[in-house]
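Down below is the structure, laid out as structure tokens.
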Amino acid sequence: MNIYPKTCRNFVGLDKLMPFVEKYKGIELQFFDENNQLMSAFEIESVIDKLMEKVPYLKEVTIHPPLCYYDIENIMFKDINIIKNQFETMVKLSRKHNIKINMVYHTTIDFKTHKELTLDKLSSLLNILEGENVTLLLENIFMFSEEECTVYQIADYLKHPNLKVCFDICHMYCRANINKQDIYEYAKGYLNPELCKKYTYQVHFSYTADNDGYVNFKATHGLVHPNIDELKYDVELLKKYNMYDCNYITEVSEKDYESRKDQYKELEMLEEVSK
């Protein structure tokens with residue numbers, strides 16, 4: 001297990017997270033809509049260049065696009081060249097800095113719809129990454145447009161070496177809670193252990209409170225685990241589905257992003273459980 005912290009494109013609180021960046025040499029960066037334009041291109045190159053100046057020993061960077069409506073199918077429908085340019089820029093930056101670069105994309109439509117609308121286009125786009133140290137990571141979301149986990153179905157259908165999965169455990173908890181099911185019971189129908197083992201590249205790791213995560217969103221979604229036993233419970237669930245020997249990104253919402261107090265606590269507990 002590699003344990004990577006997460007900060008934003010402006011590196012807020014990065015200094016507080018540096019012990020873990022130094023140890024594991026990886027990080028995820030959250031980007032935002034620029035100039036309040038939804039589903040628009042956003043500047044990557046200057047941010048990664050600046051990050052590498054600050055942390056020249058980094059080996060891996062994951063880019064998370066803006067959160068609002070930035071599903072891969074939406075960007076394809078708006079302007080597929082946005083993704084094409086992103087892929088080309090990541091290849092350029094990976095070569096320039098000799099680092100691994102990943103890009104996470106959400107998707108909210110089901111596998112059958114993807115087959116009809118996007119997968120031929122996505123297969124063509126992935127040719128840009130062929131042979132490069134760059135990976136597209138598709139992330140599961142908590143909308144109910146699927147029964148099995150769509151992103152694993154897509155990865156298994158395309159079978160491209162530069163296409164993997166970012167599995168968000170909080171999003172699966174939301175689905176189980178909406179369905180009023182125990183998380184282990186829900187996972188039986190949602191996850192295929194063999195596909196998880198084959199395609200999971202990273203995990204977005206956090207706590208989901210009060211059997212919620214979707215109604216009282218800010219108060220219950222993507223939090224620091226309240227104690228190490230609760231955290232261990234979630235790690236054991238991921239182990240059961242072969243999601244352990246991969247990157248764990250602590251994607252923790254908190255009140256004070258300058259201090260990163262909650263995320264730091266999550267990182268410490270996760271590292272303790274991983275020993």
Side-chain angles (χ1 to χ4, degrees), residues 9 26 28-31 34 39-49 51-52 58-66 69-141 145-146 148-168 192 194-204 246-247 249:
R9 58 152 292 156
E28 180 169 305
L29 296 180
Q30 178 69 59
F31 285 72
E34 296 184 352
M39 296 179 283
S40 62
F42 57 94
E43 171 59 23
I44 296 173
E45 188 166 359
S46 63
V47 177
I48 299 301
D49 285 345
L51 177 66
M52 295 308 298
L58 269 179
K59 298 297 183 185
E60 185 164 12
V61 178
T62 295
I63 296 166
H64 197 304
Y69 307 106
Y70 221 93
D71 305 319
I72 195 165
E73 57 270 17
N74 291 346
I75 306 305
M76 281 186 180
F77 298 154
K78 179 178 180 179
D79 184 357
I80 199 168
N81 287 312
I82 292 175
I83 300 176
K84 179 177 181 289
N85 292 337
Q86 288 172 346
F87 283 12
E88 290 173 347
T89 299
M90 288 191 295
V91 168
K92 175 183 175 182
L93 289 167
S94 175
R95 293 175 178 178
K96 177 180 179 180
H97 296 292
N98 192 29
I99 56 173
K100 176 82 170 67
I101 298 185
N102 314 304
M103 172 79 84
V104 176
Y105 261 105
H106 292 166
T107 179
T108 58
I109 61 177
D110 62 25
F111 176 61
K112 288 182 180 179
T113 308
H114 268 292
K115 282 181 71 175
E116 294 296 325
L117 297 179
T118 72
L119 294 191
D120 287 346
K121 298 180 183 69
L122 182 56
S123 180
S124 179
L125 286 167
L126 286 167
N127 289 333
I128 298 169
L129 308 184
E130 190 83 46
E132 301 291 343
N133 202 15
V134 178
T135 302
L136 170 64
L137 303 174
L138 294 181
E139 180 179 344
N140 60 304
I141 196 67
S145 59
E146 56 183 10
E148 297 178 47
C149 189
T150 291
V151 293
Y152 287 107
Q153 293 175 294
I154 293 171
D156 198 47
Y157 181 82
L158 292 178
K159 291 183 172 61
H160 194 283
N162 298 76
L163 174 64
K164 300 294 181 183
V165 167
C166 170
F167 183 78
D168 191 308
N192 178 316
E194 292 306 311
L195 295 186
C196 292
K197 182 177 182 178
K198 190 171 183 179
Y199 297 113
T200 305
Y201 187 82
Q202 74 172 37
V203 168
H204 275 162
C246 57
N247 298 341
I249 313 292

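Since the structure is predicted, the reported quantities are computational estimates derived from the model, not experimental observations.
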First locate atom [atom1] of [X], then atom [atom2] of [Y], and finally report the distance between them rounded to the nearest 0.5 Å.
{"X": "Glu43", "Y": "Ile48", "atom1": "CD", "atom2": "CD1", "value": "9.5 Å"}
{"X": "Ile75", "Y": "Tyr105", "atom1": "CD1", "atom2": "OH", "value": "5.0 Å"}
{"X": "Thr118", "Y": "Asn74", "atom1": "OG1", "atom2": "CG", "value": "11.0 Å"}
{"X": "Phe87", "Y": "Glu132", "atom1": "CZ", "atom2": "CD", "value": "12.5 Å"}
{"X": "Leu51", "Y": "Ser46", "atom1": "CG", "atom2": "OG", "value": "11.5 Å"}
{"X": "Phe31", "Y": "Ile44", "atom1": "CZ", "atom2": "CD1", "value": "6.0 Å"}

Kindly determine whether Lys96 and Met52 satisfy side-chain contact (heavy atoms from CB on, under 4.5 Å), including the steps that lead there. CA-CA 10 Å; Lys96 177 180 179 180; Met52 295 308 298; over 6 Å; no
Intermediate values then yes/no, side chain to side chain donor-acceptor pair (under 3.5 Å), Glu60 and Asn247: CA-CA 10 Å; Glu60 185 164 12; Asn247 298 341; 3.3 Å; yes
By salt bridge (charged side-chain N to carboxylate O under 4.0 Å, His left out), which residues pair with [X], not counting sequence neighbours?
{"X": "Lys92", "result": "Glu45"}
{"X": "Glu194", "result": "none"}
{"X": "Lys84", "result": "Glu88"}

Tell me whether [X] contacts the main-chain N or O of [Y] through its side chain, where contact means a donor paired with an acceptor under 3.5 Å.
{"X": "Asn140", "Y": "Asp168", "value": "yes"}
{"X": "Asp110", "Y": "Thr113", "value": "yes"}
{"X": "Thr135", "Y": "Asn162", "value": "no"}
{"X": "Glu73", "Y": "His114", "value": "no"}
{"X": "Asn133", "Y": "Ser94", "value": "no"}
{"X": "Gln30", "Y": "Pro65", "value": "yes"}
{"X": "Asp79", "Y": "Asn81", "value": "yes"}

Check this for me: Phe77, atom CZ, are more than 12 non-hydrogen atoms of other residues, nucleotides or ligands nearer than 6.0 Å? yes
Can you tell me if NZ on Lys78 sees more than 12 non-hydrogen neighbours from other groups inside 6.0 Å? yes
Report, one line per pair, each donor and acceptor closer than 3.5 Å where one atom sits in a side chain of residues 119-131; sequence neighbours left out.
residue, atom, partner, partner atom, Å
Lys121, NZ, Leu117, O, 3.0
Glu130, OE1, His160, NE2, 3.0

Return the orientation label for the Tyr70 and Phe42 ring planes: parallel under 30°, perpendicular over 60°, tilted otherwise. perpendicular
Contacts of Asp156 that satisfy side chain to side chain contact (heavy atoms under 4.5 Å, CB included) - sequence neighbours left out: Lys159, Leu195, Lys198, Tyr199
Can you name the residues that form a side chain to side chain donor-acceptor pair (under 3.5 Å) with Lys164, not counting sequence neighbours? none
